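Computed from a predicted structure; not experimentally measured.
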Amino acid sequence: ILKENKMKFSQTTNGLDIVRDPLETDVYNVSVINAVRQLYPDYIAECQIVDRDFGIYPRGFAGLITEKLQDLRNLRSSVKLREFLKKKWKFIHPTFFNWLENYRFDPESIKLWQDEEGRLFGSYMGRVVDIILNEQIVMMIVSQIRNEVYDWYPDDNWEDEYLRIIEVIVEKQMKFAEFGLRRRAY
């Protein structure tokens, strides 16, 4: 059980500083969205949000996350990033990038609440393709704000270690894919 932190919720990062682009995800997630768009473009579903750790959050945490999600009302994908990935990810159908150009994050479709003990729950309803991307966005926001509220930050030398690993990958000419972008700690 996490101890309640005395940090004021108002000191947390703006949602648009956490998620700057819907493409801040991994290629696996994009591949799934691409496939669902082609096979089930208009399917509607409801998704339940459950913290698998069943962490106890401070009172008002669900409201804080909802506020950060509201910050993302104008979240748009960057033309520059879309064009770059369109060239790199030839296996993704070009219409995916057209869809992404028109994608709009809808914070009103996401409902969050806490039980009496402080566990976080939620749900959202919408097209499956939107839900898949929204899930990543919600996880990024929850992860970053949780880390800020509890003062959990990476070691001071994390960037040096990250660069060292990149140097080894380049030196050994290894293929590499990043799958951890939804968890934030900066």
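Side-chain atoms of Met140 and Gln136, non-hydrogen and from C-beta on, do get closer than 4.5 Å to each other. Between Glu46 and Gln48, some side-chain heavy-atom pair lies under the 4.5 Å cut-off. In this structure the side chain of Arg37 reaches within 4.5 angstrom of the side chain of Phe96, judged on heavy atoms.
Taking the charged nitrogens against the carboxylate oxygens, Glu167 and Arg164 have no contact shorter than 4.0 Å, which rules out a salt bridge. A salt bridge does not link Glu101 to Arg76: none of the charged nitrogens lies less than 4.0 Å from a carboxylate oxygen. Using a cutoff of 4.0 Å between basic side-chain nitrogens and carboxylate oxygens, Glu24 and Arg20 are scored as salt-bridged.
Ring geometry, Phe105 versus Tyr103: the interplanar angle falls from 30° to 60°, so the pair is classed tilted. Ring pair Trp113/Phe121 is parallel by interplanar angle, where below 30° counts as parallel and above 60° as perpendicular.
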For side-chain contact (heavy atoms from CB on, under 4.5 Å), just list the numbers for Ile92 and Phe97, CA-CA rounded to whole Å, side-chain angles, deciding distance to a tenth of an Å, and then say yes or no.
CA-CA 9 Å; Ile92 299 295; Phe97 297 99; 3.9 Å; yes
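Distance alone, capped at 3.5 Å, is enough to place a donor-acceptor pair between the Glu148 side chain and the Thr13 backbone. A donor-acceptor contact shorter than 3.5 Å is absent between the side chain of Arg59 and the backbone of Gly118. A distance-only check finds no donor-acceptor pair linking the side chain of Lys68 to the backbone of Ile145 [under 3.5 Å]. Remark: the backbone N or O of Gly55 is not paired with any side-chain donor or acceptor of Asp53 at under 3.5 angstrom. When atom types are taken as modelled, the side chain of Asn147 and the backbone of Ser143 share a donor-acceptor pair closer than 3.5 angstrom. At distances below 3.5 Å, not a single donor-acceptor pair connects side-chain atoms of Glu67 with backbone N or O atoms of Asn14.
Nearest heavy-atom pair, Gly15 versus Asp71, reported as atom, atom and distance to 0.1 Å: N-OD2, 2.8 Å.
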